[in-house]
Amino acid sequence: MSHYPDDFLWGVATAGHQNEGNNQHSDIWYLENIQPTLFSEPSGRACGAYERYESDLDQVAALGLNAFRFSIEWARIEPERGTVVGKELDHYEAVVDAALERGLAPLATFNHFASPHWFSAAGSWLAKDAAQRFAEQVDRVMQRVGDRLTAAVTINEPNLEQLLQAGGKLPPEAEQIKRQMLQAAAQAAGTDSYFASNVIPSNVQDDFQQAFTVAHRMAKSAIKARRADVPVGISIAIADERALPGGEARRDARRAAVYDHWLDVAREDDFIGVQNYEAFLHGPDGEVQLEGQRNGMGSVIDPGSLAGAVRYAHEVSGVPVLVTEHGIQIDDDSLRAQFIPQALAALEQQIAAGTPVLGYCHWTLMDNFEWIFGYRPKLGLLEVDRQTLERTPKPSAMAYARAVRQAQAKMAVTS
């Protein structure tokens, strides 16, 4: 029998700046093109998804999925402070309608790291009016498409920097380059400071956490004011933190430092978005390296990590989980094709154990721009020719489609 709920969302996750291309009025674009920069290459035309969204949605529907997570790029809609571009609202309305026409539930993210350049030059999320400005953007989008959204994520991974630092994922020199880049950006912009959501210096992490919290709550209020019944949550980066005997205190300290604030905030929300890519094992003397084949992030390939992260997120927050991202950075797609059904099997077992899960969105539809790492990391179900931007399904796309078909068949028998 199936343990998935009848209305389970099977989807893929994408993000505007990483896919659409030419997001020229955004802070990330500005930082990609400043010197020095932490970004290995500029995003440029990305995957050209701004123009190709209909054919991309055809690919999603062809996989037998029923949900599509995407971000609405604030920098396109309000490229200058107070200037709203109606044709960009038209564009995102067209994306929503195109998804619905193909039987795909639109799952909108209102901020997926990139913000307008003017916003970041004016203090970013630390500015006194930042949350109000964000809420105004959310309201104008809700006014246009809110009646057709299936769910809304306010802010994507506000805890990413804490997780990267705690997990030692960035080289020591990255913090220095980050600060130099932001200083150069501020100088070029003629402002006192410059920040962006996924390049936050360590000394202002706590300030950003507080600011993100206020912005999330104000954005949620703006969403609910337009449509009270739409589920709203925030998505967080969360690893499966495990402990050997004697390592529980270290595990719990990591959880408290990186996740627990947001899981407490989520108690007020309709769901918590879980974005999982790895597991960590804590011993009495520190982190213990897991044994096994490693992915492109240097972590052991662990299909069970998603279920563990989902379990903990629900235990602390008390609300249902929406898997807003899960995937694997790997060049060998045959490993991704094995990984997906294994992870879904473990997730179904967690659902059977009583954890409420609303849906699963695989990151990501196609190989795209992975922020400071550029186009080198491969996480997509579709390969993208960097010259022609032609998409080619990988074996993992078929593996995911097959796993979804099997799950849906079980669900039909059970119902």
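Fair warning: this is a prediction, and the values are worked out from it, not measured in the lab.
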Can you find a side-chain donor-acceptor pair between Glu73 and Ser71 that sits under 3.5 Å?
yes

Evaluation steps, side chain to side chain contact (heavy atoms under 4.5 Å, CB included), between Val319 and Arg267
CA-CA 6 Å; Val319 297; Arg267 292 176 185 273; 5.6 Å; no

Name the orientation class of the two ring planes belonging to Trp371 and Phe113 (parallel below 30°, tilted from 30 to 60°, perpendicular beyond 60°).
perpendicular

Could you tell me if the side chain of Arg133 sits less than 4.5 Å from the side chain of Pro116, heavy atoms only?
no

Test item: Arg255 side-chain N/O and Glu241 main-chain N/O as donor-acceptor pair under 3.5 Å
yes

Arg386 (side chain) donor-acceptor with Ala46 (main chain) under 3.5 angstrom:
yes

Could you tell me if Asn33 and Thr37 have a donor-acceptor pair between their side chains, going purely by distance under 3.5 Å?
no

Measuring from atom OG1 of Thr324 to atom CG of Leu107, what distance do you get when rounded to the nearest 0.5 angstrom?
9.5 Å

Please determine which of Val323, Ile155, Val153, Val274 meets the side chain to side chain contact (heavy atoms under 4.5 Å, CB included) test together with Ser235.
Val153

Any donor-acceptor pair under 3.5 Å linking the side chain of Lys378 with the backbone of Glu383?
no

Closest non-hydrogen contact found for Pro393 with Leu382 is CA-CD2, 3.5 Å

Step-by-step side chain to side chain contact (heavy atoms under 4.5 Å, CB included) determination, Ile328 to Ile301:
CA-CA 8 Å; Ile328 178 174; Ile301 298 173; 3.9 Å; yes

Test item: Asn23 and Ile28 side chains (from C-beta on) under 4.5 Å apart, heavy atoms:
no

OG/Ser202 to CD/Glu161 distance, rounded to the nearest 0.5 angstrom?
9.0 Å

Going by distance alone, is a donor N or O of one side chain under 3.5 Å from an acceptor N or O of the other, for Tyr312 and Asp260?
yes

Got a sec: does the CG of Asp206 have more than 12 other heavy atoms crowding it under 6.0 Å?
no

Please tell me if the side chains of Gln18 and Ser43 come closer than 4.5 Å, counting only heavy atoms from C-beta onward.
no

Taking the six-membered ring for Trp, is the centroid-to-centroid distance between Tyr30 and His25 below 6.0 Å?
no

Taking atom CD as the centre, does Glu291 end up with more than 12 heavy-atom neighbours from other residues, nucleotides or ligands that are less than 6.0 angstrom away?
no

For Glu93, does the CD atom have more than 12 heavy-atom neighbours from other residues, nucleotides or ligands under 6.0 Å away?
yes

Over all atoms of both residues, closest heavy-atom pair of Phe271 and Ala151:
CE2-CB, 4.2 Å

For the residue pair Leu381 and Ile340, establish whether any side-chain heavy-atom pair is separated by less than 4.5 Å.
yes

Taking C-beta and beyond as the side chain, do Arg179 and Val199 meet within less than 4.5 Å on heavy atoms?
no

Donor-acceptor pair, Lys394 side chain versus Arg336 backbone, under 3.5 Å?
no

Is the number of heavy atoms from other residues, nucleotides or ligands within 6.0 Å of CD (Gln210) greater than 12?
no

Main-chain N/O of Ala222 paired to Arg226 side chain as donor or acceptor, under 3.5 Å
no

Is the charged tip of Arg251 near the ring of Phe280: under 6.0 Å from the six-membered ring centre and within 45° of its axis?
no

Distance-only donor-acceptor check, side chains Glu325 and Tyr277, under 3.5 Å
yes

Assess, by modelled atom type and distance only, whether the side chains of Gln137 and Glu78 contain a donor and an acceptor separated by less than 3.5 Å.
no

If you measure from the Lys or Arg side-chain nitrogens to the Asp or Glu carboxylate oxygens, is any gap between Arg227 and Asp147 under 4.0 Å?
no

Under 30°, 30 to 60°, or over 60°: which ring-plane class applies to His362 and His326, parallel, tilted or perpendicular?
perpendicular

What is the ring orientation for His112 with Trp363, classed by angle as parallel under 30°, tilted 30 to 60°, or perpendicular over 60°?
parallel

So which heavy atom on Ile272 is nearest to which on Ala266, and how close?
CD1-CB, 3.8 Å

Measure the spacing between CG of Asp367 and SG of Cys47 and express it to the nearest 0.5 Å.
7.5 Å

Verdict with supporting geometry, Thr154 and Ile223, side chain to side chain contact (heavy atoms under 4.5 Å, CB included):
CA-CA 9 Å; Thr154 55; Ile223 294 168; 4.1 Å; yes

Side-chain heavy atoms of Leu63 within contact of Gln59, under 4.5 Å:
no

With a 4.0 Å cut-off, would you call Asp240 and Arg242 a salt bridge?
yes

Any carboxylate oxygen within less than 4.0 angstrom of a Lys/Arg side-chain nitrogen, looking at Asp90 and Arg144?
yes

Short question: side chain of Lys224, backbone of Asp229 - any donor-acceptor pair under 3.5 Å?
no

Nearest non-hydrogen partners of Ala407 and Ser2, listed with the distance
O-OG, 4.2 Å

First locate atom CG of Leu9, then atom CG of Leu322, and finally report the distance between them rounded to the nearest 0.5 Å.
6.5 Å

If only atom types and distance count, is the side chain of Glu248 paired as donor or acceptor with the main-chain N or O of Gly246 below 3.5 Å?
yes

Taking Asp385 for its side chain and Gln387 for its backbone only, find out whether a donor-acceptor pair lies under 3.5 Å.
yes

To check you understand the geometry: which heavy-atom pair defines the closest contact between Ala279 and Asp302, and what is its length?
CB-OD2, 3.8 Å

Does either side chain, that of His216 or that of Asp269, offer a donor lying less than 3.5 Å from an acceptor on the other one?
yes

With a 4.5 Å limit on heavy-atom distance, are the side chains of Arg45 and Glu20 in contact?
no

Using a strict 4.0 Å threshold on nitrogen-to-oxygen distance, state whether Glu348 and Lys410 make a salt bridge.
yes

Quiz question: by atom type and distance under 3.5 Å, do the side chains of Glu278 and Asn295 form a donor-acceptor pair?
no

Between Arg250 and Glu287, does at least one N-O distance fall below 4.0 Å, as a salt bridge requires?
no

Polar side chain donor-acceptor pair, Thr109 to Arg69, under 3.5 angstrom:
yes

Which of these passes ring pair (Phe, Tyr, Trp, His ring centres under 6.0 Å) with Phe119: Phe195, Trp74, Tyr194, Phe134?
Trp74

Rounded to the nearest 0.5 angstrom, the CE-CG distance for Met142 and Leu149 is 5.5 Å

Please round to the nearest 0.5 Å and tell me the distance separating atom CG of Asn159 and atom CZ of Phe208.
14.0 Å

N/O donor-acceptor pair under 3.5 Å between Asn66 side chain and Trp10 backbone:
yes

Indicate yes or no for a side-chain donor-acceptor contact from Ser40 to the backbone of Phe373 under 3.5 Å, with no hydrogens or angles considered.
yes

Between Thr355 and His314, a side-chain donor and acceptor under 3.5 Å
no

Note: Phe70 and Pro106 closest approach over all heavy atoms is CE2-CB, 4.0 Å

I'd like to check Asn19 versus Met366 (side-chain heavy atoms, cut-off strictly below 4.5 Å). Are they in contact?
yes

